[in-house]
Amino acid sequence: QFQIPQFIETEDKIAGPFTLKQLLYLAGAGVLSFISYFIFVFWLWGILTLVSAVIGISLAFVKYNGQPLVKIALSAFNFLWKPRFFLWKREIKGREYGMPDDAILSERENLKFGMSSIKKLLADLITSKGPLPKREKESPLTGYSVFRRETGEKQVAKRIDYR
């Protein structure tokens, strides 16, 4: 039998409760503060130390959605710095719809008269946009749908069918 390693995503603790990355971020902020003490005036050193401490602590400990702040910052920098590259862009073709000619309309009417009543009803159901008389009642919310938000409240929105 083989032993399967477990907890491979957990980093090793190097110095007390800190991992190596956390220790390096905190030590970097401390070194920056130490060097700036000898270079800048006291009040400027205090501001720089405060800023570097906040950045070092946040890089070491802050996680958002399970991702460390360093990874999020690098992803944001790459998004802003690198150009966008699209592999595929859908071409939108404009369609022109016109009214059918009188010959086509009369041909459709002739087809309907030659059909049996069931076939005519089926053709009306398939091709008509409005309700059939005496068969369907038109909804007061035609073209609208009622949906429920994540919060639980109901809302009415216009429905668009892209067929």
Side-chain angles (χ1 to χ4, degrees), residues 1-99 121-132 135-163:
Q1 291 183 354
F2 297 100
Q3 280 190 334
I4 299 173
Q6 296 179 354
F7 308 112
I8 57 175
E9 294 180 4
T10 305
E11 295 184 30
D12 294 330
K13 307 292 182 186
I14 302 284
F18 303 125
T19 64
L20 179 63
K21 289 180 185 178
Q22 291 172 340
L23 187 65
L24 289 177
Y25 291 133
L26 295 175
V31 167
L32 183 66
S33 174
F34 180 75
I35 292 173
S36 65
Y37 178 76
F38 296 107
I39 296 173
F40 298 110
V41 185
F42 183 75
W43 64 270
L44 189 59
W45 168 79
I47 293 172
L48 189 62
T49 299
L50 183 66
V51 170
S52 66
V54 168
I55 290 173
I57 290 171
S58 62
L59 288 176
F61 299 111
V62 172
K63 287 188 177 186
Y64 183 75
N65 284 338
Q67 298 293 324
L69 188 62
V70 177
K71 188 173 182 180
I72 293 170
L74 286 175
S75 297
F77 178 75
N78 286 336
F79 176 78
L80 293 174
W81 189 256
K82 290 183 179 179
R84 277 37 163 213
F85 180 69
F86 297 102
L87 291 177
W88 178 76
K89 252 188 178 175
R90 183 175 144 194
E91 293 181 15
I92 300 173
K93 297 179 182 177
R95 294 183 182 174
E96 293 183 17
Y97 295 105
M99 293 298 294
L121 180 62
L122 178 64
D124 286 343
L125 283 172
I126 293 173
T127 59
S128 68
K129 290 186 177 178
L132 295 177
R135 295 277 312 210
E136 299 173 353
K137 294 180 181 176
E138 189 168 345
S139 170
L141 296 176
T142 302
Y144 291 88
S145 292
V146 178
F147 67 94
R148 190 176 299 271
R149 290 186 169 271
E150 291 178 0
T151 57
E153 61 183 288
K154 290 184 181 180
Q155 187 172 359
V156 177
K158 186 167 182 144
R159 181 180 60 235
I160 300 172
D161 293 328
Y162 295 102
R163 291 189 218 186

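Residue numbers start at 1 and run along the sequence shown.
- Taking OH of Y64 as the reference point, atom CD1 of I72 lies at 7.5 Å (rounded to 0.5 Å).
- When all heavy atoms of S52 and A29 are compared, the closest pair comes out as O-CB, 3.4 Å.
- Heavy atoms only, all atoms of each residue included: S36 and T49 are closest at OG-OG1, 4.4 Å.
- Between W45 and Y37, the ring planes are perpendicular. Angles over 60° get that label, and only those under 30° would be called parallel.
- A distance of 10.5 Å separates CD1 of I35 from CZ of F40, quoted to the nearest 0.5 Å.
- We find the CZ-OG1 distance between F61 and T19 to be 8.0 Å, quoted to the nearest 0.5 Å.
- In this structure, NZ in K71 is found 10.5 Å from NZ in K63, a value given to the nearest 0.5 Å.
- I14 approaches L20 most closely through the heavy-atom pair CG1-N, 3.7 Å.
- The line from CD1 of I4 to CZ of F2 is 10.5 Å long, rounded to the nearest 0.5 Å.
- Using cut-offs of 30° and 60° for the angle between ring planes, the F38 and F34 rings count as perpendicular.
- Nearest heavy-atom pair, L69 versus S58, reported as atom, atom and distance to 0.1 Å: CD2-O, 3.7 Å.
- No more than 12 heavy atoms of other residues, nucleotides or ligands lie within 6.0 Å of NZ in K21, so this atom counts as exposed by the packing criterion.
- Note: W43 CH2 to L48 CG = 11.0 Å, rounded to the nearest 0.5 Å.
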